[in-house]
Number of protein chains: 2
Amino acid sequence: MKRSDIPYLDDLRAFETTAQCGTVRSAADELSLTHAAVSRRINRLADMVGTPLFERSGRGLRLTAAGDRLAEVCRRSFDDLSRTIVSIRESQATDTGAILLSCERSVAMRWLIPRLSEFQDTHPEIAVHLSVGGGPVDSKQNRATLALRRLDFAIVDGWSVVPLFDETIGPVMSPDMFSDFEQGDYIALGSNTRPDAWDDWLRRNPDAPRPRERRMFDHHFLMVEAASSGLGVGLVPHIVALDDINRERLTAPLGFDPDGSRYGVLHPSQVPLDENAVLLLEWLRNRSRNI
Amino acid sequence: MKRSDIPYLDDLRAFETTAQCGTVRSAADELSLTHAAVSRRINRLADMVGTPLFERSGRGLRLTAAGDRLAEVCRRSFDDLSRTIVSIRESQATDTGAILLSCERSVAMRWLIPRLSEFQDTHPEIAVHLSVGGGPVDSKQNRATLALRRLDFAIVDGWSVVPLFDETIGPVMSPDMFSDFEQGDYIALGSNTRPDAWDDWLRRNPDAPRPRERRMFDHHFLMVEAASSGLGVGLVPHIVALDDINRERLTAPLGFDPDGSRYGVLHPSQVPLDENAVLLLEWLRNRSRNI
DNA sequence: CTTCATTGGTAATGATATATCACCAATAAT
DNA sequence: ATTATTGGTGATATATCATTACCAATGAAG
């Protein structure tokens with residue numbers, strides 16, 4: 001993902017504050033600025049996005065649809081950042097001895113957390129701090145952390161990789177939607193995090209029934225939830241659908257095909273893993289053997 | 001939440017790029033800056049956070065534990081922002097006629113989405129675009145949107161509120177953890193989004209068994225998932241635990257008590273709701289009648 | 001209808017922030 | 001020992017940006 005699309009935070013903050021306050025002038029008060037400064041920032045942001053964020057309504061402003069979406073993402077992101085920063089400020093050196101395990105959100109929710117209690121039962125003395133986040137690992141070297149990742153990026157020097165299993169993806173749906181799916185009477189559910197997933201899959205599976213319609217979600221895990229709730233057919237990794245298939249909340253009539261990528265655990269190769277981390281790593285390998 | 005804890009985006013971006021690249025100099029190249037500028041930004045950010053984000057390692061840097069956490073939040077937030085911005089750029093006027101329904105993440109996943117298919121079955125012609133996000137509603141007036149919210153903030157002028165139900169919260173756990181809970185041999189699972197939830201609840205329920213330990217998650221829905229997976233006892237709103245209780249994946253031995261707040265649907269009062277939105281609103285009221 | 005207090009938008013200017021250019025110290029490889 | 005890296009820092013020139021004026025448009029009050 002290119003980051004060239006990110007404007008200045010100060011612009012975003014001015015915009016978000018204005019969205020909350022409702023008027024430029026009250027936002028300016030809140031930010032200890034003049035309304036002129038706020039106005040400039042908002043306009044520059046709108047230029048950058050390519051769409052007006054506000055439209056005039058009487059003597060005030062109202063958000064456009066695009067502005068509404070952006071405002072909500074801003075608020076969430078700022079909340080996340082703010083919360084993490086105060087949390088870091090407070091929890092100085094609280095994490096003594098804990099293992100930091102980083103993992104993608106969907107995998108954490110649908111695979112890791114449901115199995116983690118087993119590990120905790122056998123090793124109650126080991127504290128595992130779970131940190132959600134995917135994508136390339138952050139730096140050449142960071143803390144003695146394990147990172148469970150989809151290996152779709154270049155491995156940075158200084159990290160060791162323990163491969164776990166191949167990623168396989170396939171269409172999944174609520175069992176009572178199977179006949180609709182066979183007849184091509186289904187909505188394809190996608191996520192904006194992997195926008196080309198359906199196109200790629202349909203190209204590789206020319207005989208599969210074509211979707212009647214498409215529907216995008218902002219997050220992968222919302223899409224999975226929507227699939228198990230019968231809103232349509234989701235294209236998901238096997239690992240994420242596993243438990244719901246066993247519970248018969250989902251079926252995968254066409255099975256799962258490898259998409260080339262694989263999952264693995266990354267850890268810094270310079271610093272040797274401590275014994276707790278080795279235990280967790282071994283447990284991860286065992287648990288993922290039959291996927 | 002005060003937003004005074006948010007530093008400049010340019011600092012965050014310099015930090016995040018450095019975390020990804022591994023060295024200040026390569027990050028400076030990427031950002032078309034000199035290494036001096038990047039170094040300054042990182043140091044200022046570290047001052048703001050109150051903790052060193054990097055520590056020297058040979059001639060390079062490595063993230064500290066705090067830096068690691070912050071880097072991951074930065075990456076996620078930037079990805080989110082970047083993705084929505086390009087998505088807004090592309091999808092100009094794609095959302096014609098769709099209802100925008102905004103809803104908190106946890107409630108969307110554990111309550112709304114599982115029920116939404118029912119609404120879609122009876123009204124397949126109505127497209128509902130779901131947008132996750134909670135907290136105060138953004139502007140005095142925005143699009144013809146419905147927002148399902150916990151009403152723990154001041155209602156802005158220009159919005160109408162349709163109350164739905166009172167919020168009740170209570171401790172929930174996997175059924176086989178019940179005896180441990182009774183004996184006070186349990187881990188209290190909390191989320192950083194509502195850090196005082198357990199303290200408040202324990203104060204209001206002095207006879208309830210006290211937790212042996214605490215464990216915080218970065219997000220509410222991770223905590224709920226951890227509770228149903230048997231990692232401990234979560235303190236969650238009834239609406240979020242409802243389905244898992246019916247499926248007997250969770251029990252709530254002490255039931256749920258009102259915590260003073262309530263849920264409702266917000267919509268702009270100036271613009272009249274179109275008929276589709278009225279249908280959705282009515283459906284929401286019916287579905288939430290027995291909570 | 002007029003007046004007045006709002007609203008947001010904009011051009012020019014001066015204050016502020018900041019990137020650069022030097023340096024330096026420390027490390028690693030040759 | 002030498003050289004090419006790394007990151008850090010002080011002074012200065014630069015460029016950003018907030019302010020101060022203004023203006024147009026709207027809505028309420030008289």
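Just so it is clear: chains get the letters A, B, ... in the order the sequence lines come, proteins before strands, and each one is counted from 1.
An OP1 or OP2 oxygen of C:dA19 is reached within less than 4.0 angstrom by a side-chain nitrogen or oxygen of B:Arg41. Residue A:Asn43 has a polar side-chain atom (N or O) positioned under 4.0 Å from OP1 or OP2 of C:dT10. Within the structure, a side-chain polar atom (N or O) of A:Ser39 is placed less than 4.0 Å from OP1 or OP2 of C:dG9. An OP1 or OP2 oxygen of C:dT18 is reached within less than 4.0 angstrom by a side-chain nitrogen or oxygen of B:Arg44.
Among the heavy atoms of the strands lying under 4.0 Å from A:Arg40 is at least one base atom, whether or not backbone atoms are also near. Residue A:Asp10 is classed as having no contact, given no heavy-atom separation below 4.0 Å to the nucleic acid.
In this structure the side chain of A:Ile126 reaches within 4.5 angstrom of the side chain of A:Leu279, judged on heavy atoms.
Judged by closest nucleotide on DNA chain C, B:Tyr8 is the one of B:Arg25 and B:Tyr8 placed further toward the 5' end. Both A:Arg56 and A:Ala36 sit near DNA chain D, but only A:Ala36 has its closest nucleotide nearer the 5' end.
A salt bridge does not link B:Glu104 to A:Arg75: none of the charged side-chain nitrogens sits closer than 4.0 Å to a carboxylate oxygen. Ionic pairing of A:Glu282 and A:Arg285 is present here: one or more N-O contacts between side-chain nitrogen and carboxylate oxygen are shorter than 4.0 angstrom. Residues B:Arg83 and B:Asp80 are paired through a salt bridge, judged by an N-O separation under 4.0 Å between the basic side chain and the carboxylate.
Per the geometry, CG belonging to B:Leu63 stands 13 Å off P belonging to D:dG7, to the nearest Å. Distance A:Leu31 CG to D:dA18 P: 10 Å, rounded to the nearest Å. When rounded to the nearest whole Å, the span between CZ of B:Phe54 and P of D:dG8 equals 9 Å. Put simply, CD1 on B:Ile42 is 13 Å from C1' on D:dT6, counting in whole angstrom units. Rounded to whole Å, atom P of C:dA19 lies 12 Å from atom CZ of B:Arg13. If you measure from atom CD of A:Glu30 to atom P of D:dA18, you get 16 Å, rounded to the nearest angstrom. One interatomic measurement links the two molecules: NE2 of B:His35 to C1' of D:dT9, which rounds to 9 Å at whole-angstrom precision. Rounding to whole angstrom units, CG of residue A:Leu33 and P of C:dT16 are separated by 14 Å.
Distance from the side chain of B:Arg59 is smallest to C:dA29 among C:dT20, C:dT7, C:dA29. Closest to the side chain of B:Thr34, out of C:dG8, C:dA19, D:dG7, is C:dA19. Relative to the side chain of A:Val24, the nucleotides C:dG9, D:dA4, D:dG7 differ in distance, and C:dG9 lies closest.
Each of A:Arg262, A:Arg150, A:Arg149 was evaluated against A:Glu167; a single residue qualifies, A:Arg150, per the salt bridge (charged side-chain N to carboxylate O under 4.0 Å, His left out) test.
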